[in-house]
Structures are given as C-alpha cells and as structure tokens.
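Worksheet: the structure to be examined is printed underneath.
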Amino acid sequence: QVQLVESGGGLVQPGGSLRLSCAASASINSIRSMGWYRQAPGKQRELVATITSGGTINYADSVKGRFTISRDNAKNTLYLQMNSLKPEDTAVYYCNFLRVYQFIQYNYWGQGTQVTVSS
C-alpha cells in the first residue's frame, strides 16, 4: 500500500491561513484521484476538495474561494492551502488517494491532522 503522511495542521485565529501537505511513499502519477476530507466532532466526514489525474478540481461549496488544492508530482505530494479560515473549518483533515487497478478500487488515507480555528 501507498503510505501517506500529513503535516501542516495547527491552531490559527479566524481569518488566518494554513497549508496542509500529504506526502506519498510512491509516485502519484498513476493515482486516479486525490482529495482532502475533514471530520469535525459530532459530524460525519465530508469531502473538502478533489483533484483528478487529468487535473479536474472540485470544491465543497463551503470552501470555494478560500481553499486551493494542488499537487506536485515530482515530490509525490498533495497540498491544501486554506485561507480566510473560519471556526467552522475546525476538524481533523485527512488526505485520500484513489487508485483503480483491474477495475478494483484502492483507497489510501493519511493519519489525519488537526486544524483548529479559534480566537
């Protein structure tokens, strides 16, 4: 399995910024889709943003205009730039890679990183 290591979480004030990173142990060139999910206490895990191997990007309505997903294939790393953070963005953030091989889906998850937005 591909190992994913997340970093970049922390505590910030409302309106602040954070940049999350998700480093893979292998090349991400063959990955079908990559994304960021988050889960707040008492809530279900929700999709934040995705980027496909072809470069198509989608964002949840709640983060459009504030978050940016990107990848660096040379570094095997996925990023999430978060600006204008709000208290409701507080959650554990997980990166996810999807690989499809011979019609079988393989999901790889990071360990999660805490993002807390509070004054």
Side-chain angles (χ1 to χ4, degrees):
Q1 294 185 359
V2 176
Q3 302 294 317
L4 306 179
V5 179
E6 299 182 36
S7 62
L11 173 64
V12 297
Q13 294 186 344
S17 298
L18 284 174
R19 188 196 192 200
L20 306 184
S21 299
C22 178
S25 61
S27 173
I28 61 175
N29 292 335
S30 63
I31 300 298
R32 179 71 60 85
S33 179
M34 295 160 281
W36 291 94
Y37 292 74
R38 66 186 182 187
Q39 186 168 23
K43 297 183 178 180
Q44 290 187 294
R45 182 163 50 194
E46 65 176 348
L47 178 66
V48 176
T50 60
I51 182 169
T52 70
S53 60
T56 300
I57 295 174
N58 293 106
Y59 295 100
D61 289 341
S62 59
V63 306
K64 286 181 178 177
R66 300 188 298 119
F67 290 11
T68 302
I69 187 172
S70 62
R71 65 173 183 257
D72 187 334
N73 289 347
K75 296 182 177 181
N76 299 327
T77 301
L78 179 72
Y79 302 98
L80 184 68
Q81 178 67 46
M82 304 183 294
N83 299 326
S84 302
L85 284 163
K86 305 175 181 180
E88 50 263 45
D89 294 318
T90 296
V92 177
Y93 285 70
Y94 301 90
C95 60
N96 170 261
F97 288 9
L98 173 65
R99 181 168 67 92
V100 179
Y101 181 70
Q102 296 184 335
F103 306 106
I104 300 175
Q105 293 186 153
Y106 298 86
N107 277 295
Y108 305 93
W109 293 91
Q111 82 281 6
T113 184
Q114 177 70 48
V115 172
T116 302
V117 185
S118 176
S119 60

Side chain to side chain donor-acceptor pair (under 3.5 Å) against Q39, all qualifying residues, sequence neighbours excluded: none

Which atom pairs, donor and acceptor, lie under 3.5 Å between side-chain atoms of residues 47-63 and protein residues at least two apart or in another chain?
unit_1: T52; atom_1: OG1; unit_2: G54; atom_2: N; d: 3.3
unit_1: T52; atom_1: OG1; unit_2: G55; atom_2: N; d: 3.4
unit_1: T52; atom_1: OG1; unit_2: T56; atom_2: N; d: 3.1
unit_1: Y59; atom_1: OH; unit_2: I69; atom_2: N; d: 3.0
unit_1: D61; atom_1: OD1; unit_2: K64; atom_2: NZ; d: 3.1
unit_1: S62; atom_1: OG; unit_2: R38; atom_2: NH2; d: 3.4

Counterpart residues, ring pair (Phe, Tyr, Trp, His ring centres under 6.0 Å), relative to F67 (two or more places apart): none

Those residues that, when tested against T77, pass side-chain contact (heavy atoms from CB on, under 4.5 Å) (two or more places apart): S21, A23, K75, Y79

Side chain to side chain donor-acceptor pair (under 3.5 Å) partners for S17, two or more places apart: N83

Set of residues satisfying side chain to side chain donor-acceptor pair (under 3.5 Å) with respect to Q111, sequence neighbours excluded: none

Partners meeting side-chain contact (heavy atoms from CB on, under 4.5 Å) with V115 (sequence neighbours left out): L18, L20, M82, Y93, V117

Apart from L11 itself, residues in the same hydrophobic cluster as defined by side-chain heavy atoms under 4.5 Å: none

All pairs passing ring pair (Phe, Tyr, Trp, His ring centres under 6.0 Å) where residues 24-45 contributes a residue, at least two apart: Y37-W109

Pairs touching residues 77-119 that satisfy disulfide (SG to SG under 2.5 Å), sequence neighbours left out: C22-C95

Donor-acceptor pairs under 3.5 Å, side chain of residues 97-104 to any protein atom, not counting sequence neighbours: which ones?
unit_1: R99; atom_1: NE; unit_2: Y108; atom_2: OH; d: 3.4
unit_1: R99; atom_1: NH2; unit_2: Y108; atom_2: OH; d: 3.0

Residue pairs passing the disulfide (SG to SG under 2.5 Å) test where at least one lies in residues 36-90, sequence neighbours excluded: none

